[in-house]
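What follows is a single structure, written as structure tokens, with notes after it.
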Amino acid sequence: MNDPAVRILAVVERIPRGKVTTYGAVAARAGLPRRARLVGRVLSDLPAGSTVPWHRVVAAGGRIAFPQGAMARQEQIERLGREGVVASTGRVNLRLHGWQSPPEDLDRWLWEIGDEN
DNA sequence: CAAATGACGGGGT
DNA sequence: AACCCCGCCATTT
């Protein structure tokens, strides 16, 4: 599907439990560089019962995007804590939980590496 | 059409 | 850490 929203959600759904990534990274991974804000907008439109792991997406540097006092902020911190990701300080350690998305096409990836050697 | 508004990003103070 | 500013982009005023 060429729909940007669909591609964005496809990326978010692949973030494994206990891992997190940033809005900008999701956008880039979805083939939409410089569209971090679009990622936020798409996630904000998720229906109530959605199973999409939106809580695994944080702002640059591991910051929780929601402001102090926002219900969603506590919700996100709670969900992350439930999967072993400490976010109680309003920020997660990307060095520990940052998700390194694997190349979508492993064969082509291997080819490119081989091309450099 | 100009200005304001965001689940953003990066830099500077 | 807490702000402020500006760049960026899609939507809404």
Side-chain angles (χ1 to χ4, degrees):
Chain A
M1 187 74 83
N2 278 347
D3 182 5
V6 174
R7 297 218 302 268
I8 287 171
L9 293 179
V11 171
V12 175
E13 294 204 309
R14 294 179 26 195
I15 308 173
R17 260 184 74 89
K19 289 295 175 184
V20 302
T21 190
T22 66
Y23 292 94
V26 169
R29 194 75 185 75
L32 302 164
R34 295 183 296 292
R35 303 293 168 77
R37 300 193 98 122
L38 178 59
V39 173
R41 196 172 79 75
V42 169
L43 293 184
S44 74
D45 288 338
L46 285 175
S50 174
T51 61
V52 176
W54 57 268
H55 58 287
R56 296 177 189 147
V57 183
V58 298
R63 277 178 30 259
I64 296 297
F66 300 103
Q68 291 290 343
M71 286 303 295
R73 185 189 180 81
Q74 283 310 311
E75 167 86 32
Q76 181 166 30
I77 291 175
E78 195 176 305
R79 288 194 183 204
L80 286 175
R82 209 174 296 152
E83 22 188 275
V85 177
V86 182
S88 50
T89 60
R91 139 177 320 250
V92 306
N93 188 325
L94 291 178
R95 308 257 256 185
L96 294 179
H97 310 107
W99 174 52
Q100 303 308 111
S101 78
E104 34 199 308
D105 185 338
L106 184 57
D107 289 331
R108 195 177 65 142
W109 178 68
L110 289 173
W111 186 85
E112 288 177 0
I113 296 300
D115 193 47
E116 293 174 8
N117 300 342

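Reckoned from all heavy atoms, side chains included, excluding hydrogens, waters and symmetry mates. Letters go in sequence order (proteins before strands), and every chain restarts at 1.
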Collect all protein-nucleotide pairs involving nucleotides 1-5 of chain C in which both atoms are nitrogen or oxygen and the distance is under 3.5 Å.
none

Practice task
Would you indicate whether the side-chain heavy atoms of A/Arg7 and A/Arg29 approach each other to under 4.5 Å?
Solution key: no
Completion exercise
Sorted by chain and number, sequence neighbours left out, side chain to side chain donor-acceptor pair (under 3.5 Å) with A/Glu13 holds for none
Exercise for the section: With sequence neighbours excluded, tell me which residues meet side-chain contact (heavy atoms from CB on, under 4.5 Å) with A/Arg37. Expected result: none
Exercise for the section: Only counting residues at least two apart or in another chain, list the ones meeting salt bridge (Lys or Arg N to Asp or Glu O under 4.0 Å) with A/Arg91. Expected result: none
Handout entry: A/Ile15 side chain reached by A/Val20 side chain, heavy atoms, under 4.5 Å
Key = no
Completion exercise
Once base and sugar-phosphate atoms are separated, protein heavy atoms under 4.0 Å mark nucleotides 6-13 of chain B, 5' to 3', with B, S and - as BBBSS---
Handout entry: Validation row: A/Gln76, A/Val58 side chains within 4.5 angstrom (heavy atoms)
Key = yes
Fill in the blank from the handout: A/Arg56 meets the side chain to side chain donor-acceptor pair (under 3.5 Å) criterion, sequence neighbours left out, with A/Glu83
